Undergrad: 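Starting off with a structure, shown below.
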Amino acid sequence: MTTSVDLLEDPTAGEALADSTSDASLTRSVARSAQIHADLDVHPERYRMLTGDRPTGHLHLGHYFGSLANRVVLQDKGIDTFVLIADYQVITDRDEVSSIQERVFSLLTDYLSIGIDPTRTTIFTHSQIPALNQLMLPFLSLVTDSELRRNPTVKAEQEATGGRPMSGLMLTYPVHQAADILFCKANVVPVGKDQLPHLEQTRVVARRFDERYGRAGDKSAPVFPAPDALLSDVPNLLGTDGQKMSKSKGNTIELRMSADDTAKVLRKAVTDSDRRITYDPVGRPEVSNLVQLAALTTGRDPHTIAEEIGDGGSGTLKKLVTESVNEYFAPIRARRAELEADQGHLRDVLADGNARANAVAEATLAEVREAMQMVYG
Ligand code: TRP
């Protein structure tokens, strides 16, 4: 065993994270991500993907077009897929967990209704995977207090709590997230840019684990592969008021909404006073967002859609968007209603996913114990 790696002497300690949000680092991540995207079609068998969501609210169209639809595409390419319902992560910034069970099942219902197939994709909740959580302990030995404090996403989330003291979990949740990713040795993680610092932290943990405890320095067989982010190029959808889409602002269209409620929300959507419809996301964000939504739900080009509406004004635009959104989501919503009526099936799906994740986590933990020379049987 090598014990020579001292965190405080690691020249990259901290730097890696501070660097993960720099322009150069972002450019690297984007380039690497494009490379992987191209390779996924050729060699899907080389990849294991893990991603997840906090069960904090019902999924909306921003989630769907921003990440969920892409997961189904990746799953359907034959990539081994893990989807995590990050229930423990919910308590990083709130005390309240009373509705967690309902939220977990709602999220699961959303997943299944959009086409995540539980026979091919392992869907699990991390509170039910003891061996995954146990990885956090050795991983914590591999990170420093100062690099955790520098994590820009943690800082932003902490600020958003409005004066709540930083909890130990908030500070260390990126390490927990490293355990989420590394327990199954995922090598690709589809995430938004805000998650890049966590990905970088995960890469640092993977590398340091091998340096400190790894298989006697055998670099050809690291215990943990360093995962890459898979960034999507889907444009960010705004809420119906033109602001960032967020449940608390009441500006979202949720997957589970009825066609009538969708129509109501869209009728109230903010537009502007220019009658002629154009697609100009920078100059006319509200109108363009609606055009974009029509484009995403019809698979057509937003400029063409805007031209066709022309002087028809926002009334015509809203009518078109309402129709196309409702048409696109009708089968998903129908499936969702069926799934919701069969809670027993939902429980079975989650129990099965948890059992599969547990088997993987236990195998990884056994390797970790072996590498750390903590096997006594
Ligand atoms: N932090 C992610 C979010 O807030 C959720 C998450 C938890 C996650 N563990 C993960 C995402 C592992 C990717 C990989 O959205």
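Worth saying up front: this structure is predicted, and the values here are computed from it rather than measured. The chain is numbered in sequence order, starting from 1. Counting starts at 1 for both ligands and their atoms, in listed order.
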Undergrad: Going by the atom numbers of ligand 1, which of them fall below 4.0 Å from some non-hydrogen atom of Leu50?
TA: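 Ligand 1 atoms under the 4.0 Å threshold to Leu50: 12 (C), 14 (C).
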Undergrad: Can you say whether the rings of His60 and His63 are parallel (under 30°), tilted (30 to 60°) or perpendicular (over 60°)?
TA: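 Rings of His60 and His63: parallel, as their planes differ by under 30°.
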Undergrad: Pair Arg203, Asp228 - check salt bridge (Lys or Arg N to Asp or Glu O under 4.0 Å), show working.
TA: CA-CA 8 Å; Arg203 295 167 61 83; Asp228 281 300; 3.3 Å; yes
Undergrad: List the closest protein heavy-atom neighbour of atom 8 (C) of ligand 1: residue, atom name, distance to the nearest 0.1 Å.
TA: Gln177 NE2, 3.5 Å
Undergrad: Ala86 heavy atoms, cut-off 4.0 Å: which ligand 1 atoms fall inside?
TA: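 Close to Ala86: 7 (C).
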Undergrad: Nearest to atom 9 (N) of ligand 1 by heavy atom, Thr92, Ile85, Asp180: which?
TA: Asp180
Undergrad: Is Asp53 in polar range of ligand 1, meaning some N or O pair under 3.5 Å apart?
TA: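 No, there is no polar N/O contact under 3.5 Å.
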Undergrad: Would you mind running through ligand 1 and noting each atom that sits below 4.0 Å from a heavy atom of Gly52?
TA: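 Answer, ordered by atom number: 5 (C), 11 (C), 13 (C).
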Undergrad: After noting the C-alpha distance and the side-chain angles of Lys77 and Asp41, does the key distance pass the salt bridge (Lys or Arg N to Asp or Glu O under 4.0 Å) rule?
TA: CA-CA 7 Å; Lys77 283 188 205 290; Asp41 283 320; 2.7 Å; yes
Undergrad: Tell me yes or no: between the side chains of Tyr279 and Asp301, is some donor less than 3.5 Å from an acceptor?
TA: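 Result is no, nothing qualifies.
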Undergrad: Mind checking whether Phe65 and Phe329 have parallel, tilted or perpendicular rings, split at 30° and 60°?
TA: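 Rings of Phe65 and Phe329: perpendicular, over 60°.
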Undergrad: Please list the nearest protein heavy atom to atom 1 (N) of ligand 1 with its residue and the distance rounded to 0.1 Å.
TA: Gln89 OE1, 2.8 Å
Undergrad: Assess whether a salt bridge exists between Glu340 and Arg336, defined as any Lys/Arg side-chain N lying under 4.0 Å from an Asp/Glu carboxylate O.
TA: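 Looking at Arg336 together with Glu340, the answer is yes, because their closest N to O distance falls below 4.0 Å.
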Undergrad: Assess whether atom CD of Gln343 is packed by more than 12 heavy atoms of other residues, nucleotides or ligands within 6.0 Å.
TA: yes
Undergrad: Look at atom 3 (C) of ligand 1 and find which of His198, Glu157, Gln195 reaches it with the closest heavy atom.
TA: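 Looking at heavy atoms only, the winner is Gln195.
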Undergrad: At less than 4.0 angstrom from any non-hydrogen atom of Val189, what atoms of ligand 1 do you find?
TA: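 Per the distance check, 13 (C), 14 (C).
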Undergrad: Using a 3.5 Å cut-off on N or O atoms only, is Thr51 in polar contact with ligand 1?
TA: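 No, Thr51 has no N/O under 3.5 Å of an N/O on ligand 1.
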Undergrad: Which class fits the ring pair Tyr64 and Tyr328: parallel under 30°, tilted 30 to 60°, perpendicular over 60°?
TA: perpendicular
Undergrad: Judging by distance only, is a nitrogen or oxygen of Arg54 under 3.5 angstrom from one on ligand 1?
TA: yes
